[in-house]
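Data block below; observations after.
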Amino acid sequence: MFEILKNKEVGPDIFYLVLKCDELSEQPKPGQFFNVKISRKLSTDPLLRRPFSVFDFDEDQNILELVYRKVGRGTEILSKYKAGEKLDVIGPLGNPFSTEKRSGLIHLVGGGMGIVPLHYLARTLEKGEKKVFLGAENSDELEFFTKRFKKMNVEIHRAAMTEKMEIKGSVLVLWMNYLDQEKPLFVYTCGPEKMLSAVEKECLKSSIQGQLSIERRMGCGIGVCLSCSCETTEGNKRSCVDGPVFTLGEVVLNA
Amino acid sequence: MFEILKNKEVGPDIFYLVLKCDELSEQPKPGQFFNVKISRKLSTDPLLRRPFSVFDFDEDQNILELVYRKVGRGTEILSKYKAGEKLDVIGPLGNPFSTEKRSGLIHLVGGGMGIVPLHYLARTLEKGEKKVFLGAENSDELEFFTKRFKKMNVEIHRAAMTEKMEIKGSVLVLWMNYLDQEKPLFVYTCGPEKMLSAVEKECLKSSIQGQLSIERRMGCGIGVCLSCSCETTEGNKRSCVDGPVFTLGEVVLNA
Amino acid sequence: MPEKNASEKFDLSIDLAGLKLKNPLITASGTCGNGKELDNYFDINKLGAFTLKGITVSPRKGNKSPRIAETPSGIINSIGLENPGIDQFIKKTIPEIAEYRLPFFCNISGYSEAEFLELAEKLCGRKEIAGVEVNLSCPNIEGGGLAFGTDPKTVYSITKKVRKIYDKLLIVKLTPNITDITEIAEAAESGGADCVSMINTISAMKIDIDKQKPLLGSLTGGLSGPAIRPAAVKMVYDTFKKINIPIIGIGGIRNGKDVIEFMLAGASAAGIGTINMIEADAALRIIGEIKDYLKKHNIKRLSSLIGKVHI
Amino acid sequence: MPEKNASEKFDLSIDLAGLKLKNPLITASGTCGNGKELDNYFDINKLGAFTLKGITVSPRKGNKSPRIAETPSGIINSIGLENPGIDQFIKKTIPEIAEYRLPFFCNISGYSEAEFLELAEKLCGRKEIAGVEVNLSCPNIEGGGLAFGTDPKTVYSITKKVRKIYDKLLIVKLTPNITDITEIAEAAESGGADCVSMINTISAMKIDIDKQKPLLGSLTGGLSGPAIRPAAVKMVYDTFKKINIPIIGIGGIRNGKDVIEFMLAGASAAGIGTINMIEADAALRIIGEIKDYLKKHNIKRLSSLIGKVHI
Ligand SMILES: Cc1cc2nc3c(=O)[nH]c(=O)nc-3n(C[C@H](O)[C@H](O)[C@H](O)COP(=O)(O)OP(=O)(O)OC[C@H]3O[C@@H](n4cnc5c(N)ncnc54)[C@H](O)[C@@H]3O)c2cc1C
Ligand SMILES: Cc1cc2nc3c(=O)[nH]c(=O)nc-3n(C[C@H](O)[C@H](O)[C@H](O)COP(=O)(O)OP(=O)(O)OC[C@H]3O[C@@H](n4cnc5c(N)ncnc54)[C@H](O)[C@@H]3O)c2cc1C
Ligand SMILES: Cc1cc2nc3c(=O)[nH]c(=O)nc-3n(C[C@H](O)[C@H](O)[C@H](O)COP(=O)(O)O)c2cc1C
Ligand SMILES: Cc1cc2nc3c(=O)[nH]c(=O)nc-3n(C[C@H](O)[C@H](O)[C@H](O)COP(=O)(O)O)c2cc1C
Ligand code: FES
Ligand code: FES
């Protein structure tokens with residue numbers, strides 16, 4: 001059981017959840033996720049856990065940060081929890097981003113809540129030249145993320161669908177503008193599958209290596225139920241334990 | 001939604017729950033109960049509400065006091081709620097004790113959590129001679145109740161099953177000792193059905209009038225489902241709306 | 001700007017085999033009393049229709065208590081059709097409901113074909129009653145073996161005979177404790193039912209592990225509440241493909257989204273049962289939630305959603 | 001004081017048609033992977049037995065995603081028996097499980113009688129496998145109409161033929177989507193099954209009301225989890241009266257009390273499914289809770305509870 005230190009709205013229906021987690025078996029890596037039980041102890045509804053990516057982690061104090069959007073029943077109930085209450089959380093789970101040192105430009109392309117794991121990733125890739133491309137519906141949704149990305153050594157580019165930031169439109173278009181001028185060494189991406197698919201296509205076309213993180217509906221999060229199977233070049237894989245991070249080109253995406 | 005002001009253990013597995021309830025449609029009367037939803041908003045488990053008798057009510061400040069024993073899943077979850085949280089509660093429900101003025105001795109006989117409604121009843125019957133007989137497993141279970149009854153004009157007699165208080169044994173035996181010496185004008189009783197049945201028998205034998213409050217497993221608490229039916233001299237009645245308070249001799253008890 | 005105002009108006013009305021309901025919400029039998037209990041909490045005239053408590057020929061005391069047990073997101077009941085019998089019902093209940101302005105359905109249960117016919121006959125011509133719901137499915141009754149509603153031939157026969165006698169809305173209520181519920185629905189349709197209502201409760205039991213005895217006085221009972229909704233939706237979905245009469249979807253509805261789910265699956269109306277036991281005025285909230293959905297999706301007529309998932 | 005210590009020891013062992021299990025907990029097929037996944041969280045040798053994921057003759061990719069939906073206190077799955085096929089299973093999975101010291105059961109699904117026989121034949125004589133569970137009940141497979149397990153004759157025939165080929169523990173797994181599950185249990189017993197396991201999932205569906213489409217890729221699926229427990233307990237209770245072979249009770253078990261409930265109803269062992277997806281090491285907690293119950297009630301042998309509610 002992890003104690004809630006903070007659970008507050010930081011954007012339109014976007015919540016920032018900070019947990020004190022002293023009994024972690026291992027330090028989370030970027031791209032991994034935690035699986036949160038939403039119901040109270042002894043209640044069986046909602047039954048399934050909800051997966052959330054690591055937004056940040058402080059290894060000195062064992063403080064885990066998550067960011068989630070209120071989209072349905074589970075996240076709505078979660079948003080009502082107060083500081084001081086405890087949550088039943090398991091993790092870290094899943095296959096992380098590769099964070100080996102690379103000497104060259106790195107792009108991080110995130111859409112919507114897909115931005116979350118890229119934050120911890122960018123923090124971990126501390127050294128080295130990085131550009132992060134953030135997209136959302138409007139600038140309010142990006143405010144909290146921007147504030148946090150500004151604290152680190154990374155160049156930030158932003159697009160919103162309903163108002164002009166660097167451009168008005170999708171982050172994909174914004175990113176492709178840059179791709180016309182420069183060829184990154186490696187691309188990390190997370191967001192809606194349509195976006196992932198487009199990013200992947202561009203990268204493969206230009207022989208740019210990279211990784212994506214996908215969000216398939218999960219049952220267990222620990223590899224036992226096959227709810228999260230995705231088709232890959234090597235047959236079906238489980239996105240919870242074999243993913244959520246995959247190499248570009250590996251997974252058949254629902255575009 | 002009523003705000004929880006206090007929810008703390010005041011005896012072995014016995015909790016004292018204080019609620020601020022400003023939107024009450026009417027002031028509760030002794031013997032009435034409130035029906036408490038245990039699950040969080042949007043959760044459907046536990047599904048049914050749990051009925052609890054009024055322990056006390058402050059009409060100036062709209063403060064409702066309940067006392068409950070942790071016996072199962074619902075009360076266990078309830079015991080975890082903290083001050084500041086809100087509870088979905090409906091009431092007051094049910095048919096109350098008659099509190100007409102009576103000039104004569106009144107006995108109140110309560111066993112276990114059956115003591116709860118007798119407290120508010122005794123408070124309401126402020127004037128007039130009253131003796132209250134309290135029974136429980138041990139003195140710890142009676143401590144909180146005793147403290148509260150001491151604050152009012154009432155003579156207190158106590159029995160415990162596992163240790164000697166006024167006697168060691170059941171409150172029934174204790175009460176019958178007094179009954180040998182005096183004939184009350186009216187008897188109110190609440191507790192296990194076996195006890196109610198014995199009290200009723202004694203009263204009917206000695207032509208003493210009185211009322212009892214029974215606890216039947218309820219579905220709705222508002223008279224729509226017939227889960228709580230009990231057989232009476234006038235056919236089936238619903239213990240939630242026609243009761244929980246009945247006249248001695250009216251209900252067929254499970255002795 | 002009259003258009004804007006107009007676009008805020010939603011048509012929740014439903015045509016139930018010729019009977020017009022102002023909205024799809026119908027109380028499910030046995031969970032809502034006979035009107036006045038709920039009317040303490042809200043104006044029941046706001047409901048689409050009201051199904052009364054189950055009625056039998058002779059008075060019944062019902063089952064031994066306890067009659068209710070809680071299970072995960074559900075309840076098991078074994079009320080056992082406690083009711084004063086049809087004659088008392090006609091004398092006392094019918095005059096009581098006369099004061100309300102909404103259609104009332106009478107839920108009838110028999111222990112033989114003859115009893116169903118007797119009940120239908122006695123209700124025939126009662127202007128206060130808009131329809132009869134034939135309960136072929138109550139699993140609580142100790143009437144030797146399975147419920148009437150598990151055999152298509154019996155269902156056809158009872159429906160046909162009741163149809164001959166009863167000229168207003170005839171609803172047949174289906175039991176889910178069956179391999180293929182669509183066969184029974186087809187039998188009811190062939191027999192002349194105007195619509196089917198589904199589902200009744202799922203056979204279930206709970207054991208008191210401390211006493212090492214069944215918890216309910218009658219040993220077993222019927223499961224209802226949100227727990228059963230996914231099974232009920234599937235049955236409505238399957239049945240919609242097979243019959244041409246309207247379906248009243250019932251089972252675990254607790255909010256407007258659930259009503260929409262049943263309607264998309266094929267229901268024309270929605271029965272609300274267990275939720276009323278927890279929240280007496282749930283119907284008011286649900287109507288609001290249905291409107292919110294229509295608004296969000298810019299849908300004018302709720303009835304346009306019926307069976308839409310099949311398209 | 002040796003007596004005191006002795007009274008703290010409980011015998012949790014169970015005799016499953018001659019196979020001795022150290023405790024009644026058996027993983028339910030498809031919800032627990034094939035051993036190593038759960039072994040990351042606890043020593044799976046502590047389980048009574050382990051049922052492996054469903055296997056078919058040919059490899060299967062499973063159903064389209066989404067394959068899982070949440071419902072009140074339950075889930076609907078439509079995995080669709082994704083598996084590598086029996087040959088790959090024998091080559092890769094069997095060597096992997098060889099390292100554990102507990103009985104493994106192989107859950108087999110066929111699309112024809114012949115396939116069941118082929119599967120049984122290939123597993124026959126494999127010392128790593130203690131038994132075969134014949135899944136006649138999976139509702140997910142689009143195999144034309146109802147599941148094998150809804151017809152007593154088919155069940156009898158398949159059981160009898162598999163029995164001829166397969167000499168170790170033969171479990172027949174029953175579907176709850178049926179009017180009378182006891183008929184099927186009797187057919188399995190007559191066919192020579194050593195025990196039955198029950199229940200598989202209940203047919204169900206969920207609709208995505210915003211997309212106005214079924215939520216699951218395969219449209220419908222099977223309901224499991226606490227929601228179905230009351231129905232499962234009732235079926236075990238009914239079946240216990242009719243057959244003389246042991247029952248593995250499955251359906252919504254989440255704690256020790258639920259195991260006790262199933263055993264009182266008539267189960268000799270308990271399958272744990274959905275709970276493992278939420279709490280990987282639930283089995284350890286459950287074993288502790290069973291001991292707490294035995295202690296509280298001063299019961300020495302857990303097996304003394306089997307069917308006790310019938311007495
Ligand atoms: C690996 C992974 C990491 C994620 N990280 C984040 C994150 O950091 N921040 C964030 O806001 N969201 C994240 N999500 C999505 C998040 O899990 C869902 O938004 C959330 O589970 C929705 O729950 P709900 O009850 O509010 O919605 P409901 O729609 O009511 O949920 C019903 C069921 O569907 C599942 N579900 C619904 N939407 C999704 C979805 N998009 N992906 C997967 N399952 C879904 C739920 O888990 C639940 O089982 C992540 C998902 C995955 C798979
Ligand atoms: C009119 C009335 C007034 C009551 N007042 C008090 C009170 O002031 N203080 C107090 O401690 N208890 C009181 N009770 C009993 C209290 O309602 C139950 O102890 C409580 O509902 C148990 O819930 P649970 O989930 O912990 O137990 P569980 O056993 O897990 O409950 C399961 C179900 O059984 C019902 N149930 C279990 N025990 C009882 C019981 N004894 N009576 C009725 N229903 C039961 C529950 O409501 C629930 O629906 C009262 C009961 C009634 C009917
Ligand atoms: C307490 C109770 C009493 C019921 N009585 C009847 C009845 O008399 N006749 C009938 O046809 N169905 C009866 N039912 C079944 C309901 O009408 C309904 O079909 C079922 O509860 C499923 O809907 P729900 O999940 O919304 O409750 C009863 C259900 C409950 C819970
Ligand atoms: C994800 C999932 C996969 C399943 N796969 C199988 C299977 O392959 N074979 C089978 O016989 N049952 C399968 N089942 C059914 C379970 O074994 C079990 O019978 C059912 O889930 C009820 O138990 P529970 O409520 O404890 O989960 C599966 C269930 C789930 C949830
Ligand atoms: S979610 Fe269960 S295997 Fe991935
Ligand atoms: S509890 Fe429903 S009528 Fe009394």
Side-chain angles (χ1 to χ4, degrees), chain C residues 69 71-76 139 145-147 150-151 175-180 202-214 219-223 225-238 252 254 256-265 293 296-297 305 308-309 311, chain D residues 69 71-76 139 145-147 150-151 175-180 202-214 219-223 225-238 252 254 256-265 293 296-297 305 308-309 311:
Chain C
T71 68
S73 295
I75 59 172
I76 312 178
L146 302 169
T150 54
D151 176 33
T175 171
N177 301 302
I178 187 158
T179 309
D180 182 5
I202 293 181
S203 286
M205 95 184 281
K206 183 166 177 175
I207 291 169
D208 183 326
I209 63 166
D210 288 321
K211 298 195 183 135
Q212 304 187 339
K213 293 268 163 262
L219 310 187
T220 65
L223 183 64
I228 71 169
R229 198 186 79 235
V233 170
K234 163 77 158 58
M235 293 188 193
V236 168
Y237 175 81
D238 289 344
R254 76 213 138 142
K257 292 180 181 174
D258 298 341
V259 171
I260 303 294
E261 183 175 25
F262 270 99
M263 294 187 71
L264 289 166
Y293 176 87
K296 178 175 166 196
H297 291 270
L305 296 179
K308 204 169 170 196
V309 97
I311 299 166
Chain D
T71 67
S73 295
I75 59 173
I76 312 180
L146 302 169
T150 54
D151 177 32
T175 171
N177 302 303
I178 187 157
T179 309
D180 182 5
I202 293 180
S203 287
M205 95 184 281
K206 183 166 175 174
I207 291 170
D208 184 327
I209 63 166
D210 287 322
K211 297 195 183 136
Q212 303 187 339
K213 292 269 165 260
L219 310 187
T220 65
L223 182 64
I228 70 169
R229 197 185 80 236
V233 170
K234 164 75 158 58
M235 292 187 192
V236 168
Y237 174 82
D238 288 345
R254 75 211 139 144
K257 292 180 182 177
D258 297 341
V259 172
I260 302 294
E261 183 176 24
F262 269 100
M263 294 187 72
L264 290 167
Y293 177 86
K296 177 173 166 198
H297 290 270
L305 296 179
K308 206 171 167 194
V309 95
I311 300 165

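Owing to the predicted nature of the structure, the values given are computational and were not obtained by experimental measurement. Letters A, B, ... mirror the listed sequences (proteins, then strands); counts begin at 1.
Top candidate by heavy-atom pairs under 4.5 Å with chain D, chosen from C:A232, C:A227, C:S73, is C:S73. In terms of non-hydrogen atom pairs under 4.5 Å with chain D, the most contact-rich of C:D208, C:L305, C:L264, C:T71 is C:L264. By number of non-hydrogen pairs under 4.5 angstrom with chain C, the leading residue of D:A231, D:A204, D:G252, D:G225 is D:A204. Chosen from D:I228, D:V233, D:D210, the residue pairing most often with chain C at heavy-atom distances under 4.5 Å is D:D210.
Under the rule for a side-chain hydrogen bond (donor to acceptor under 3.5 Å, both in side chains), the partners of C:K308 that lie at least two apart in sequence or sit in another chain are D:Q212. Residues passing the salt bridge (charged side-chain N to carboxylate O under 4.0 Å, His left out) test with C:D151, sequence neighbours excluded: none.
Across all their heavy atoms, D:E261 and C:K206 have their closest contact at OE2-CA, 3.2 Å. The minimum heavy-atom distance between C:P72 and D:R254, with the atom names listed, is CG-NH1, 4.1 Å. Nearest heavy-atom pair across D:I76 and C:P230 is CD1-CB, 3.8 Å. When all heavy atoms of C:Y293 and D:I209 are compared, the closest pair comes out as OH-O, 2.5 Å.
To the nearest 0.5 Å, atom OG1 of residue D:T220 and atom CG of residue C:D238 are 7.5 Å apart. Here D:I202 contributes atom CD1 and C:I202 contributes atom CD1; the two are 5.5 Å apart, rounded to the nearest 0.5 Å. Residue D:I207 holds its CD1 atom at 8.0 Å from OH of C:Y237, rounded to the nearest 0.5 Å. Annotation: the span from D:I178 atom CD1 to C:I178 atom CD1 amounts to 11.0 Å, rounded to 0.5 Å.
For chain C, the nearby part of D:K296 is the side chain; its heavy atoms alone come within less than 4.5 Å. With a threshold of 4.5 angstrom between heavy atoms, D:F262 does not approach chain C through any atom at all.
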